[in-house]
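As structure tokens, the structure follows; a few thoughts come after it.
Each residue takes its place number in the sequence, starting with 1.
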Amino acid sequence: MKTHRHILWAAAAAWIFTGSALAADTSTEFNAANKLYAEGKFAEAAITYGKILQSGAVSPALYFNYGNAEFKSGYFGRAIAAYRQAAQLTPRDAEVRANLEFARNQVQGPTLRESRWSRSAGWLGMLTLNEWTGLAVVAFWLMFALLAATQIRPALKTALGGFTRGAVAVAILSCACLGVNAIIHFSKQTAVVVAQDATARSGPFDEAQSAFTAHDGAELAVLDRRDNWLQVTDGSGRIGWLQRQQVEILPGS
């Protein structure tokens, strides 16, 4: 579905997706939110985008515009969480990645940094989990078809030998990449701070001593959960407990 984008320059160069980006039953609200954003009513636009998300609608355009509206309203954490979800749906979109990095640069204090392994394996994130699944399925069935053909007609073994070995290698590699992505996606969680200042405590209760302070937009790795508390780390060795309502939890990306 073709989407038109207009550049709205202000404190952050925020692009906004417009047009038929969502299903018909939410397009009216989506267009209304876009109009509010264009009029500079960023807080109202964010509320409208948020209501669409709460209805169960999902699209890169919706998350991207919601992130723009929250950023322009001064809520860096909510913007970063929205941009990250947009990036999971469309990982090769340069504008989404640019706005995510711009928002991250506004965050003060401790925040999670990518590991050296994550940076070196960043090419795995060029495809979504669904795309890796589709690639693995296609590679598997191609391998199966070539192997079956050489069994049914042995005379084809010489002609198809190179193709068959290549298909086997691609199938193994794509399945391995799918497995790694699935492990990252389902086991690694990030908590994005959406409160102005969130005090991470030494234990999961209000009276516990302060461990460190995480500011709006900080991205922290989730280590454990207990009732309404999350044990988090900023990746530098500092560990503490935050209340659930102070963060938005995202799967690994």
Side-chain angles (χ1 to χ4, degrees), residues 1-5 15 17 20-23 56-64 67 80-102 104 111-192 219-224 233 235 249-253:
M1 224 179 293
K2 186 176 175 72
T3 300
H4 302 285
R5 305 174 187 181
W15 294 269
F17 292 79
S20 54
L22 297 173
V58 174
S59 82
L62 178 55
Y63 279 121
F64 185 75
I80 289 171
Y83 290 146
R84 286 192 55 161
Q85 291 180 85
Q88 286 185 349
L89 297 172
T90 177
R92 296 177 297 281
D93 191 305
E95 294 176 359
V96 172
R97 305 302 300 187
N99 277 27
L100 173 59
E101 289 308 311
F102 190 96
R104 281 171 165 168
T111 189
L112 191 65
R113 302 296 180 186
E114 286 186 330
S115 65
R116 183 177 301 177
W117 185 90
S118 296
R119 290 193 298 269
S120 63
W123 60 273
L124 287 172
M126 295 303 292
L127 297 180
T128 67
L129 189 61
N130 286 340
E131 288 171 338
W132 277 116
T133 301
L135 179 61
V137 169
V138 170
F140 173 82
W141 282 108
L142 177 60
M143 176 190 70
F144 178 80
L146 289 170
L147 290 173
T150 57
Q151 290 299 315
I152 295 172
R153 299 189 63 181
L156 295 175
K157 282 187 177 181
T158 301
L160 297 179
F163 292 106
T164 303
R165 289 190 293 272
V168 170
V170 171
I172 293 174
L173 178 61
S174 59
C175 287
C177 291
L178 172 61
V180 171
N181 264 6
I183 290 172
I184 293 174
H185 184 83
F186 292 110
S187 65
K188 177 185 173 184
Q189 288 190 324
T190 301
V192 182
E219 298 166 76
L220 310 170
V222 178
L223 303 177
D224 196 4
T233 178
I249 301 176
L250 303 176
S253 62

Query - Taking every non-hydrogen atom, the tightest pair across Phe64 and Tyr83 - result: O-CE2, 3.7 Å
Report summary line: Minimal heavy-atom distance between Val222 and Thr190, with the atoms involved, is CG2-C, 4.1 Å
What is the distance from atom [atom1] of [X] to atom [atom2] of [Y], rounded to the nearest 0.5 Å?
X	Y	atom1	atom2	result
Asp93	Asn99	CG	CG	9.5 Å
Gln85	Ile80	CD	CD1	12.5 Å
Leu220	Gln189	CG	CD	13.0 Å

Could you pull out every donor-acceptor pair under 3.5 Å between side chains of residues 136-149 and any protein atom, sequence neighbours left out?
none

Query raised in the report: Applying the side chain to side chain contact (heavy atoms under 4.5 Å, CB included) test to Tyr63, which of Thr90, Leu89, Val96 qualifies?
Result: Leu89
Report all side-chain donor-acceptor pairs from residues 165-175 shorter than 3.5 Å, counting only partners two or more places apart or in another chain.
residue : atom : partner : partner atom : Å
Ser174  : OG   : Val170  : O            : 2.9
Ser174  : OG   : Ala171  : O            : 3.1

